[in-house]
Novice: 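Below is the structure I would like to discuss, written out as structure tokens.
Just so you know, ligand 1 is whichever comes first in the structure, and atom 1 is the first atom listed for that ligand. These numbers were taken from a predicted model, which means no experiment stands behind them.
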Amino acid sequence: MTKMVVVGARGRIGRKLTATLRQRGHEVVEVSRSLGVDTVSGVGLTGALNGAEVVVDVSNSPSLDGADAQRFFEASARNLLAAGRAAGVRHHVALSIVGVDRLTSGYFRAKQEQEALIRGSAAGFTILRSTQFFEFIRDVVQEGSDREIAIAPALVQPVSAQDVAGMLAEIVAAGPHNTIPEIAGAERLRLNEVAAEIATAYEDGRRVIADVHAPYFGAELGERSLLPGSAARIAPHGFDDWLRESLQPDWTTTRRADAPNFTTPYPEV
Ligand SMILES: NC(=O)c1ccc[n+]([C@@H]2O[C@H](COP(=O)([O-])OP(=O)(O)OC[C@H]3O[C@@H](n4cnc5c(N)ncnc54)[C@H](OP(=O)(O)O)[C@@H]3O)[C@@H](O)[C@H]2O)c1
């Protein structure tokens, strides 16, 4: 049985990915600060990676402030790559963001640095760039404290966390490609409109207003900054599917751990 380490296992993607990989019969070790392993200080990392063949890094900086994110992603990537080298990890998988190379803010520079460290290491790797998760947009709406929330009307092709986890599981199964594929939803929508529909569906009461200057992870967005390239893998579930399922009272993180049906297979190495 292949041992895999999911870094950020208690996050939006990490929970679904852990469930998906276990459902497919893999031994999964969960890494997250709340479980006593810290990728920044390195505490617990050697033990967690011992005997692992694959590391999937879906962690995120606890603070999205640019300088904090830069410290987090640089230290975390360096420590994970060094511990992976020592443990004999053959595939380092990481989750990044569609458009990361054309967006300007401390947070995006931090993600660029994370990608550069992985590409520059001797490890076999795959970096999956994803568009915005529906879950993330929902959380942004729900975590705001103001009655009005300003969001840029940029075009987006959001995707469900379960579809991202499904593609990561395929990437793991395929082995290291040393490439940077993309995943996106099929529908092209406006970010502020998706947020407004989520606020309405959750009877949130907050008003979403379109503001072209509203920052996204510290960056000002152009209309097309968040759109994927033409080769992006298109996820099977749309906004209505996600919304319907996320509003179910018994909805859990494991309910849809089964593989999403992508129309084309991810190629094996
Ligand atoms: N938001 C989006 O729409 C989007 C789109 C494309 C790509 N991404 C990328 O996807 C990745 C995952 O995002 P997410 O929203 O799923 O993240 P998230 O929900 O914020 O989860 C982050 C995870 O990282 C862990 N973590 C934080 N600091 C840690 C440390 N020092 N050591 C070990 N674990 C640590 C957290 O564990 P604790 O809670 O225990 O600290 C948590 O499990 C990010 O890298 C992000 O850039 C996001």
Side-chain angles (χ1 to χ4, degrees), residues 5-20 28-45 47-49 55-64 66 68-80 83 93-101 103 105-115 117-118 127-143 151 154 156-165 167-168 180-185 191 194-195 198 216-219 221 225-228 232-233 235 242 253:
V5 177
V6 174
V7 182
R10 294 297 168 97
R12 291 183 193 94
I13 299 296
R15 286 176 187 274
K16 293 180 189 296
L17 178 62
T18 300
T20 301
V28 180
V29 171
E30 298 177 54
V31 163
S32 148
R33 279 179 315 172
S34 51
L35 298 170
V37 186
D38 191 319
T39 57
V40 173
S41 68
V43 167
L45 215 46
L49 265 62
V55 167
V56 191
D57 182 6
V58 292
S59 65
N60 202 4
S61 172
S63 158
L64 303 183
D68 291 342
Q70 280 173 17
R71 274 190 293 275
F72 172 84
F73 281 111
E74 187 182 344
S76 188
R78 283 190 195 283
N79 288 339
L80 281 171
V93 181
L95 186 57
S96 191
I97 306 174
V98 163
V100 65
D101 42 353
L103 290 160
S105 75
Y107 184 83
F108 289 110
R109 274 192 296 279
K111 293 294 290 181
Q112 289 163 14
E113 176 65 11
Q114 178 195 25
E115 287 194 0
L117 286 166
I118 296 166
I127 297 170
L128 176 63
R129 288 183 181 170
S130 169
T131 54
Q132 292 57 53
F133 319 142
F134 291 122
E135 288 83 350
F136 170 74
I137 302 172
R138 177 195 57 200
D139 294 349
V140 166
V141 170
Q142 293 188 334
E143 284 161 14
I151 298 195
V156 284
Q157 288 182 222
V159 64
S160 73
Q162 187 57 53
D163 284 343
V164 175
M167 181 152 178
L168 286 167
I180 308 184
E182 292 186 335
I183 181 170
L191 187 56
V194 179
I198 291 175
Y216 176 77
F217 285 98
L221 297 175
S225 327
L226 299 176
L227 292 180
R233 199 85 178 298
W242 174 81
T253 52

Novice: Under a 4.0 Å heavy-atom cut-off, what residues line ligand 1?
Specialist: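 Within 4.0 Å of ligand 1, the protein residues are Gly8, Ala9, Arg10, Gly11, Arg12, Ile13, Ser32, Arg33, Ser34, Val37, Asp38, Thr39, Val40, Val58, Ser59, Asn60, Pro62, Phe72, Phe73, Leu95, Ser96, Ile97, Tyr107, Lys111, Ser130, Thr131, Gln132, Phe133, Phe136.
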Novice: Kindly assign one of parallel, tilted or perpendicular to the pair Phe136 and Phe217, based on the angle between their ring planes and the thresholds 30° and 60°.
Specialist: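 It falls in the parallel class, under 30°.
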Novice: Is it the case that the side chain of Gln157 and the backbone of Ala184 share a donor-acceptor pair, with hydrogens and angles ignored and the cut-off at 3.5 Å?
Specialist: no
Novice: Using the side-chain contact (heavy atoms from CB on, under 4.5 Å) criterion, which residues pair with Gln70? Sequence neighbours excluded.
Specialist: Arg109, Ala110
Novice: Could you state the interatomic distance from CG (Asp101) to CD (Glu115), rounded to the nearest 0.5 Å?
Specialist: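 Rounded to the nearest 0.5 Å, the CG-CD separation comes out at 7.0 Å.
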Novice: Apply side-chain hydrogen bond (donor to acceptor under 3.5 Å, both in side chains) to Ser41 and list each qualifying residue two or more places apart in sequence or on a separate chain.
Specialist: none
Novice: Taking salt bridge (charged side-chain N to carboxylate O under 4.0 Å, His left out) as the definition, give me every residue that meets it alongside Arg10, ordered by chain and number, with sequence neighbours left out.
Specialist: Glu30
